Number of protein chains: 2
Amino acid sequence: MLHVNARQAMLPHPVLVKTGLKPVGAEKPFLQFIAPGDELGVSATSPRLYRVVEGCLADCRLLGDGRRQITDIVGPGRAIAQQPERDGSCAIKALTFTEVEVLDPAANPALASETAIDSLSRLARHAALLGRMNAAEKVANGLLDLAAQFPRKLRQGHPVLTLYLTRSDLADWLGLTVETVSRTLNQFKRAGVIDYSHAEIVTLSRPERLKEIAIGRPLAKLNSKPKGEHP
Amino acid sequence: MLHVNARQAMLPHPVLVKTGLKPVGAEKPFLQFIAPGDELGVSATSPRLYRVVEGCLADCRLLGDGRRQITDIVGPGRAIAQQPERDGSCAIKALTFTEVEVLDPAANPALASETAIDSLSRLARHAALLGRMNAAEKVANGLLDLAAQFPRKLRQGHPVLTLYLTRSDLADWLGLTVETVSRTLNQFKRAGVIDYSHAEIVTLSRPERLKEIAIGRPLAKLNSKPKGEHP
DNA sequence: CGAAGTTTTGACATCGTTCAAACAACGTGG
DNA sequence: CCACGTTGTTTGAACGATGTCAAAACTTCG
């Protein structure tokens, strides 16, 4: 049985560029491919604007000692600005083979400002997640975000997503540890809220339930009774 | 003994506008005063840009149930953009009597984009704080940030800051509870790192030590020996 | 003085981390 | 093809930092 690892697969399915943001301006779009683990434009002299065509980028921030915080996950159609950080190094890392359009912010002021607004709004939301949510809410919100950014074909009417993030990436994004992420995902799986056999392809079996968890309704204790869960 | 509460005092000391950002553009600067607790421009039809002249603003985000996350604290000289949020209501609240310049982003594109960059950079930093730091690190970083934004006259050579935030505000900013904030501050105080008699005026007695705590060097257990602390 | 709000403190519970180990998937080289 | 190393995932047990609950102490103000 041939199983293609989604994280490593080169352009797993035909490219369909989603134009969630404004179309590119005058100068010719410069396409670039990045391999998983590679960092983007470390040596860029001028600020750059990247728009993801296919794949997945992570906006990372390192914290002196090894600690890492991923501040955003960027999927196809979304753009991200490379800002030269004053203190506390930061980087944009590819989590899979990724294709990006490299743009000049100066030549695309509208896209640049739209990207800034979008990043700001998402980041503020994420700050609320990091500061005020428990593990289950964090993971639920994370999954819903990723399901919107990395959708696959429905499976039996249920949304499916490609999980380009490892448990470790998820942990660094959601402010948790790998263990807690793994435990929470398996808890969801046991409760029938999500499903997965390969760690990188997740089905949202009960998206409504996931949304409830995301806004704070706790997942009822399910170790008490093995039945009475599914409708 | 006449004690003026710093949080309630109307313009406690002579205004000295710090122009950390670009000077205002063409159209006449429109000044506005806000009382503590008041929200800013809830009914604004168009996006607005506010530059703090004097006082303190908090960028808040509400979370369905009562939970609140303050994503940024804005002091004199800094600007903040009012963005109409899609989901999850947000607001800009004054934490003391505050004077702001009300500006039109369209008329001040440079200031607007500079503000966006600044907010983004601070927020990303704050996300790392929320997601990856323990209580002591959070409080230390918070204090250092506030000391830079709300400096008072040195006291015996030590930096002093006006703490416009209540313990509850600090908790909502740093992703903690009031109790933990209070405990941590008193822990710092007992260790001689900071000092305060009134809850709103804090002296950084040992700023270098505070910086070390801020980057992760833990505050040594000090309940073991009451002496041997200071050099 | 008494009321209301804020801060501090204590006792206790708990969620998430830490530490450790087993397991699974994958690539490599024999 | 299999043994092996590496990396990622899962699981268990124990601990501890932080949250929760409750109440006292303090500040401000009527």
Side-chain angles (χ1 to χ4, degrees), chain A residues 1-9 36-37 65-67 95-96 129-139 163-172 174-190 194-202 213 216 218-219 221 223, chain B residues 1-9 36-37 65-68 95-96 129-140 163-172 174-190 194-202 213 216 218-219 221 223:
Chain A
M1 181 181 301
L2 181 116
H3 169 239
V4 181
N5 185 330
R7 284 187 197 120
Q8 307 284 324
D65 46 356
R67 288 176 288 182
L95 300 188
T96 183
L129 177 147
L130 290 170
R132 285 291 173 235
M133 292 186 184
N134 61 32
E137 292 172 85
K138 286 179 176 183
V139 174
L163 190 59
Y164 291 116
L165 295 79
T166 65
R167 301 293 184 260
S168 173
D169 293 329
L170 278 169
D172 286 343
L174 302 174
L176 297 169
T177 58
V178 252
E179 294 93 334
T180 301
V181 170
S182 176
R183 274 186 255 267
T184 307
L185 284 173
N186 282 290
Q187 201 176 325
F188 287 177
K189 188 176 173 185
R190 262 178 267 122
I194 65 173
D195 194 27
Y196 59 92
S197 44
H198 301 292
E200 320 89 39
I201 296 181
V202 180
I213 297 170
L219 190 56
K221 279 275 168 254
N223 47 4
Chain B
M1 183 179 302
L2 181 114
H3 168 240
V4 181
N5 184 330
R7 286 189 195 119
Q8 307 283 323
D65 45 356
R67 288 176 288 182
R68 181 177 70 146
L95 300 188
T96 183
L129 177 147
L130 291 170
R132 286 289 173 235
M133 291 186 185
N134 61 32
E137 293 171 86
K138 287 179 175 182
V139 173
L163 189 59
Y164 291 116
L165 295 79
T166 65
R167 300 293 183 260
S168 173
D169 293 328
L170 278 170
D172 286 344
L174 303 175
L176 298 169
T177 59
V178 253
E179 294 92 335
T180 301
V181 169
S182 176
R183 273 186 257 267
T184 307
L185 283 172
N186 282 290
Q187 200 175 324
F188 287 176
K189 189 176 172 183
R190 262 179 267 120
I194 66 173
D195 195 27
Y196 59 93
S197 45
H198 302 293
E200 320 90 39
I201 296 181
V202 180
I213 297 170
L219 190 56
K221 279 278 169 249
N223 47 5

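Note that the structure is a prediction, hence the values are computed from the model and not measured. In what follows, chains are A, B, ... by sequence order, proteins preceding strands, each numbered from 1.
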query: Residues two or more places apart in sequence or in another chain: which of them pass side-chain contact (heavy atoms from CB on, under 4.5 Å) with D195(B)?
result: K189(B), T203(B), S205(B)
- request: Only counting residues at least two apart or in another chain, list the ones meeting side-chain contact (heavy atoms from CB on, under 4.5 Å) with T180(B).
  value: A135(B), L176(B), T177(B), T184(B)
message: To the closest 0.5 Å, what do you measure between CZ (R183(A)) and CD (E179(A))?
response: 6.0 Å
- request: Using the test side-chain hydrogen bond (donor to acceptor under 3.5 Å, both in side chains), find all partners of N134(A) that sit at least two apart in sequence or belong to another chain.
  value: E137(A)
message: Could you tell me how far apart Q187(B) (CD) and dT9(C) (P) are, to the nearest whole angstrom?
response: 11 Å
statement: Among the nucleotides dT7(C), dG19(D), dT9(D), whichever has the atom closest to the side chain of T177(B) is dG19(D)
message: Rounding to an integer number of Å, can you tell me how far F188(A) CZ sits from dT10(D) P?
response: 14 Å
query: Over how many whole Å does the gap from K189(A) atom NZ to dT11(D) atom C1' extend?
result: 13 Å
task: May I ask you to verify if any side-chain N or O of S182(B) is less than 4.0 angstrom from the OP1 or OP2 atom of dT7(C)?
output: no
Look for any protein N or O under 3.5 Å of an N or O in nucleotides 21-26 of chain D and output each such pair with its distance, or none.
{"from": "dC21(D)", "atom 1": "N4", "to": "E179(B)", "atom 2": "OE2", "distance (Å)": "3.1"}

- request: Calculate, to the nearest 0.5 Å, the distance between atoms CG and CG belonging to L165(B) and L95(B) respectively.
  value: 5.0 Å
query: Atom CG of L176(B) to atom P of dT7(C): distance rounded to whole Å?
result: 15 Å
message: Side chains of L170(A) and L185(A), heavy atoms from C-beta outward: is any pair under 4.5 Å?
response: yes
Y196(B) OH - dT7(C) P separation (whole Å): 10 Å
task: Can you see which heavy atom on R67(A) is nearest to which on M133(B), and at what distance?
output: NH1-CA, 4.0 Å
field: Phosphate OP1/OP2 of dT9(D): any N186(A) side-chain N/O under 4.0 Å
entry: no
task: Mind calculating the distance between CG (L174(A)) and P (dC15(C)) to the nearest angstrom?
output: 19 Å
- prompt: Within this structure, what is the NE2-to-P distance between H198(A) and dA25(C), rounded to whole angstrom?
  reply: 8 Å
message: As a quick check of understanding, evaluate side chain to side chain contact (heavy atoms under 4.5 Å, CB included) for L163(B) and H198(B), giving each step before the final call.
response: CA-CA 10 Å; L163(B) 189 59; H198(B) 302 293; over 6 Å; no
- prompt: Looking at the side chain of R167(B), which of dT17(C), dT10(D), dT8(C) is the nearest nucleotide?
  reply: dT8(C)
- request: Might you point out which heavy atoms bring R167(B) and V181(B) nearest each other, and give the distance in Å?
  value: CD-CG1, 4.0 Å
- line: Taken in chain and number order and not counting sequence neighbours, the residues that satisfy salt bridge (Lys or Arg N to Asp or Glu O under 4.0 Å) with R132(B) are D172(A)
statement: One would report the end-axis bend of the helix from dC1(C)-dG30(D) to dG30(C)-dC1(D), five pairs per end and rounded to 10 degrees, as 30°
query: Of the nucleotides dT10(D), dG16(C), dT9(C), which has the atom closest to the T180(A) side chain?
result: dG16(C)
- request: Rounded to the nearest angstrom, tell me the gap between atom CD in E200(A) and atom P in dC26(C).
  value: 7 Å
task: Strictly below 4.0 Å, heavy-atom distances to any atom of DNA chain D: list the hits from residues 131-139 of chain B, or just say none.
output: N134(B), A135(B)
message: If you compare all heavy atoms of A171(A) against all heavy atoms of V178(A), which two are closest, and at what distance to 0.1 Å?
response: CB-N, 3.6 Å
message: Within this structure, what is the OG1-CD distance for the pair T166(A) and E200(A), rounded to the nearest 0.5 Å?
response: 10.0 Å
